[in-house]
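Here the structure comes first, spelled out in structure tokens, and everything after it is commentary.
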Number of protein chains: 2
Amino acid sequence: MAEEVKVFGVWGSPFSRRVEIALKLKGVDYEYVEEDLSNKSSLLLKYNPVHKKVPAFVHNGKAIAESQVILEYIDETWKNSPILPKDPYDRAQARFWARFIDEKCMSALWKAFWKHSYNWEVVSSRHHGETLLGCEDHEKAKEEAKEHLKTLENELKDKKFFGGETVGLVDIVGNFIAYWLPRIQEASGVELLTEEKYPRLYQWIHEFENHDVVKEKLPPSDKLLAFFRGRFESVSTSK
Amino acid sequence: MAEEVKVFGVWGSPFSRRVEIALKLKGVDYEYVEEDLSNKSSLLLKYNPVHKKVPAFVHNGKAIAESQVILEYIDETWKNSPILPKDPYDRAQARFWARFIDEKCMSALWKAFWKHSYNWEVVSSRHHGETLLGCEDHEKAKEEAKEHLKTLENELKDKKFFGGETVGLVDIVGNFIAYWLPRIQEASGVELLTEEKYPRLYQWIHEFENHDVVKEKLPPSDKLLAFFRGRFESVSTSK
């Protein structure tokens, strides 16, 4: 009997893309459902009743929410092409850095460009005035973000990926830094992550976005760039 | 050869107590090092250089930080008395609720009583004015906290523990709600969690704090109550 595997996501959400990358790495076929965040489907609300957010993941009728929780589930369910290392200590390190990215980097990076913490829903709802650059909090967030990126740069060392030779949990969770951030930088004209200051992260970004499997599950570059250009422009015109 | 297992904690931190509860449930002997947060030891800074916080955990020379990451490591390393369920879907559910407690409940509950989000360090540093009740944000946080507690109440259903018949990940991560919150309520005079409104959580609290193993690793009730009384009094006198 064919398995039911479904992902409820949004094309530009790094969180739902994490789940798609993991499934693609495992070679698991799935059905993708694009959500309209301004008019969420009843299925999304059914499958993620607590947070009411993408991604929601369904496997043979059972629903799971929260991208990092879904990634662990996928790795435990389909054992090929492991996302987490085998050794308990290495697994703990991967989980530590994945949490570091979500709890420290994502929030500082997002605040460096927007006045609120990470919320794709708010950004994509195109409310004017939600995107504000240059205030004091942004400067603080920028400094914090740069510091966190330096911590990641040091952790990467001379490895190809955070997972070593292959893409692993930290790389997948870091997709926002690898792919979204450079396009947000280009759209906003504000550069935090530069090749000069973060040569290892820069090389990692190159490896990540050109990875045979990963690149198939990243949003189209032009579309993402145009989206963020629109966001930043709507702010400057609404000021 | 005897194993080296060390926990760097603070007596009143629910986060370091989580690690101690897990080790005690597994019957793992460990050395406990009490930290002075106003003068952190060089070992704590060495073992948790990124966050510089308790708990830090050391096993045979290898250090791990972040309580939930440590709990997963402990469960993978000592297989007896499992903290996480066996089935991948049940594991995902446990991880989902553990994250819900940390990301939603803890922060709303803490904000309901203090003006900042959870930070034991700030509270224990006894700065006057850090504890403020009654402003608008607190009211909002209180409503949020009550809603999150209701979500947990519904999730608990008629189970003895979130983990079923035995204490598991969600119960351990929920130690703040089970043990700290009632004492903060008593010290502040503000009640969010009442038996009338949350009968299942109330029964769970009773089971948790009287659990043979858990109760040995909870801070003394009088000491914790006196600590929080001191915190709330220092505020009213500094107003």
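Keep in mind that this is a model prediction, so the values were computed, not measured. Residue numbering restarts at 1 for every chain, and letters A, B, ... go by the order of the sequence lines.
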Give a yes or no on whether [X] atom [atom1] has more than 12 heavy-atom contacts from other residues, nucleotides or ligands under 6.0 Å away.
X: A:Glu147; atom1: CD; answer: no
X: A:Asp36; atom1: CG; answer: yes
X: B:Lys24; atom1: NZ; answer: no
X: B:Lys159; atom1: NZ; answer: yes
X: A:Lys150; atom1: NZ; answer: yes

Review point. With only heavy atoms counted, which part of A:Glu155 is less than 4.5 Å from chain B, the side chain, the backbone, both or neither?
Key: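 Neither part; nothing is under 4.5 Å.
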
**Study point:** Minimal non-hydrogen separation, A:Ala92 against B:Ile64, with atom names
**Key:** CB-CD1, 3.8 Å

Review point. Where is the tightest heavy-atom contact between B:Phe100 and A:Val50, given as atom of each residue plus distance?
Key: CE1-CG1, 3.5 Å

**Study point:** Under 3.5 Å side-chain donor-acceptor pair for A:Gln68 and B:Arg99
**Key:**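 Yes, side-chain donor-acceptor contact under 3.5 Å.
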
Review point. Distance from B:Trp97 atom CH2 to A:Glu66 atom CD, nearest 0.5 Å?
Key: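 It is 10.5 Å, given to the nearest 0.5 Å.
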
**Study point:** B:Ala63 versus chain A, the contacting section by heavy-atom distance below 4.5 Å
**Key:** backbone

**Study point:** Residue part contacting chain A, namely of B:His51, when any heavy atom lies under 4.5 Å
**Key:**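 For B:His51, the contact with chain A is made by the side chain alone.
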
Review point. Counting a contact as any heavy-atom pair under 4.5 Å apart, which residues of residues 76-91 of chain B contact chain A?
Key: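 The residues closer than 4.5 Å to chain A, in numerical order, are B:Glu76, B:Thr77, B:Pro88, B:Tyr89, B:Arg91.
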
Exercise for review: Answer yes or no: is there a side-chain heavy-atom contact under 4.5 Å between B:Gln93 and A:Lys62?
Suggested key: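 They are not in contact (no side-chain heavy atoms under 4.5 Å apart), so the answer is no.
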
